[in-house]
Protein chains: 2
Amino acid sequence: MRHAASEPPVDEGHPTETHAADGQELTPTARGRTVRPEPDCPVEVALTAVSGRWATLVPRELMGGPLGFSELRERLPELSAKVLSQRLRELCERGLLSVERRRGFPVRTCYTLTGRGRALRPLLIELYATGEALLATGPAAGASPRG
Amino acid sequence: MRHAASEPPVDEGHPTETHAADGQELTPTARGRTVRPEPDCPVEVALTAVSGRWATLVPRELMGGPLGFSELRERLPELSAKVLSQRLRELCERGLLSVERRRGFPVRTCYTLTGRGRALRPLLIELYATGEALLATGPAAGASPRG
DNA sequence: CGGAATCCTATCGGATACTG
DNA sequence: CAGTATCCGATAGGATTCCG
């Protein structure tokens, strides 16, 4: 189901403002005009990459350079080992992270963002910007627990 | 815990590329340098606004102009009434949506994005762009169920 | 039409304990 | 050090039913 350029506009007044009136296409390609949350819709793909608790904080820490498991735990003390390794595994599966194991004793592991992983940066920045905009226009309305 | 400009860099070579090396600050204000997913961190605020199944599709439909409950259901046929009203309620509570009830018979309700709601647009666009970038660099790695 | 109430299942994420 | 295994409580969200 398309939402742009079809169906008589509900309240078109002047094209100057009102509520943007889709002046610029929201979804450049067909994959964005989905009727349901399909996993191959770009929006869902991006959302999948950042959703889940701690899912933004782990990449954020790694934006500064490679880190080991325990280093990540130090930086995010309240993140349990279970969830951390879960997040790391997801990031790896999605090709956002590369792992390097150094044998010997003690064992050393090194997590590095890949090019794909670094591609999250603009999204994190936009999330930050949007969040600030929301906080600025009404501090009370942002909260609400998120898994 | 800060992640920028502290602790000896792990692999600083030349500042040209490598992995961006935080050349530009990721988190302009202090609220972004959190140790845990705090609800008042801008990133969390924005994420809260778009996370949850159908959470982006409902605003997307409304970007084209106000719609009623059933109109939304028509456009998103697989979205149950329960979840739709849940999403709408959340959007209202966060001040992203305004509601107008027209009495008479049958009852008519009209959901309109507020200014705050329209502030989500750049984020949706960025989500789309990031998702496309991920799909472009490796189609297989995007998927994975998202609640 | 526009919902709210109830039920039910799957998954998420935290705590704890154990392993190579 | 770098994880895995197990248990467990809390939601999320779909289906169905009912109401003003």
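Given the structure is predicted, the values throughout are model-derived calculations rather than measurements.
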Exercise for the section: Round to the nearest Å and state the distance from A/L88 atom CG to D/dG3 atom P. Expected result: 7 Å

Practice task
State which of D/dG3, C/dG3, D/dC1 makes the closest approach to the side chain of A/F69.
Solution key: D/dG3

Fill in the blank from the handout: B/R103 meets the side-chain contact (heavy atoms from CB on, under 4.5 Å) criterion, sequence neighbours left out, with none

Problem - A/E90 side chain near A/L97 side chain, heavy-atom distance below 4.5 Å - result: no

Exercise for the section: Just call it for A/R103: base, sugar-phosphate, or nothing, with non-hydrogen atoms closer than 4.0 Å on any strand. Expected result: nothing

Exercise for the section: Assess whether side chain to side chain contact (heavy atoms under 4.5 Å, CB included) is satisfied between B/L76 and B/R60, documenting all intermediate values. Expected result: CA-CA 11 Å; B/L76 304 169; B/R60 180 197 69 182; 4.2 Å; yes

Handout entry: Distance test, side-chain N/O of A/R101 to OP1/OP2 of D/dA2, below 4.0 Å
Key = no

Exercise for the section: Report the nucleotide, chosen from D/dA2, D/dT4, C/dG3, that has the shortest atom-to-atom distance to any side-chain atom of A/S85. Expected result: D/dT4

Exercise for the section: Take atom CZ of A/R73 and atom C1' of C/dG14, then tell me their distance rounded to the nearest Å. Expected result: 11 Å

Practice task
Kindly work out whether a path of hydrophobic side-chain contacts (I/L/V/M/F/W/Y, heavy atoms less than 4.5 Å apart) joins B/V107 to B/F69.
Solution key: no

Problem - Protein-nucleotide distance (A/L97, atom CG; D/dG3, atom P), rounded to Å - result: 11 Å

Determine all donor-acceptor pairs shorter than 3.5 Å in which one atom belongs to a side chain in residues 77-86 of chain A; sequence neighbours excluded.
unit_1: A/E78; atom_1: OE1; unit_2: B/R36; atom_2: NE; d: 3.1
unit_1: A/E78; atom_1: OE2; unit_2: B/R36; atom_2: NE; d: 2.5
unit_1: A/E78; atom_1: OE2; unit_2: B/R36; atom_2: NH2; d: 2.8
unit_1: A/S80; atom_1: OG; unit_2: A/V83; atom_2: N; d: 3.3
unit_1: A/S85; atom_1: OG; unit_2: A/A81; atom_2: O; d: 3.2
unit_1: A/S85; atom_1: OG; unit_2: A/K82; atom_2: O; d: 3.0

Exercise for the section: With axes from five pairs an end, tell me the bend angle of the helix from C/dC1-D/dG20 to C/dG20-D/dC1, nearest 10°. Expected result: 40°

Handout entry: Between P of D/dA12 and CZ of B/R87, the distance in whole Å
Key = 8 Å

Handout entry: A/Q86 CD to C/dC12 P, straight-line distance once rounded to whole Å
Key = 7 Å

Exercise for the section: Would you mind reading off the distance between A/L84 atom CG and C/dC12 atom P, rounded to a whole angstrom? Expected result: 16 Å

Handout entry: For atom CZ of B/R89 and atom P of D/dG13, their distance in whole Å
Key = 13 Å

Practice task
Kindly determine whether B/R101 and B/V99 satisfy side chain to side chain contact (heavy atoms under 4.5 Å, CB included), including the steps that lead there.
Solution key: CA-CA 7 Å; B/R101 280 191 174 70; B/V99 199; 4.1 Å; yes

Practice task
Would you indicate which nucleotide in D/dC1, D/dA2, D/dT4 comes nearest to any side-chain atom of A/P106?
Solution key: D/dC1

Practice task
Rounded off to whole Å, could you give me the CG-to-P distance for the A/L76 and C/dG14 pair?
Solution key: 12 Å

Fill in the blank from the handout: To the nearest 0.5 Å, atom CD1 of B/I125 lies from atom CD of A/E126 at 9.0 Å

Fill in the blank from the handout: Residues at least two apart in sequence or cross-chain that pass side-chain contact (heavy atoms from CB on, under 4.5 Å) with B/S98, listed by chain then number, are B/T112, B/T114

Using a cut-off of under 3.5 Å, enumerate the N/O to N/O pairs linking the protein to nucleotides 14-20 of chain D.
unit_1: D/dG14; atom_1: OP1; unit_2: B/R53; atom_2: NE; d: 2.5
unit_1: D/dG14; atom_1: OP2; unit_2: B/W54; atom_2: NE1; d: 3.3
unit_1: D/dG14; atom_1: N7; unit_2: B/K82; atom_2: NZ; d: 3.4
unit_1: D/dG14; atom_1: O6; unit_2: B/K82; atom_2: NZ; d: 2.4

Exercise for the section: Using salt bridge (Lys or Arg N to Asp or Glu O under 4.0 Å) as the criterion, list what pairs up with B/R102, not counting sequence neighbours. Expected result: B/E100

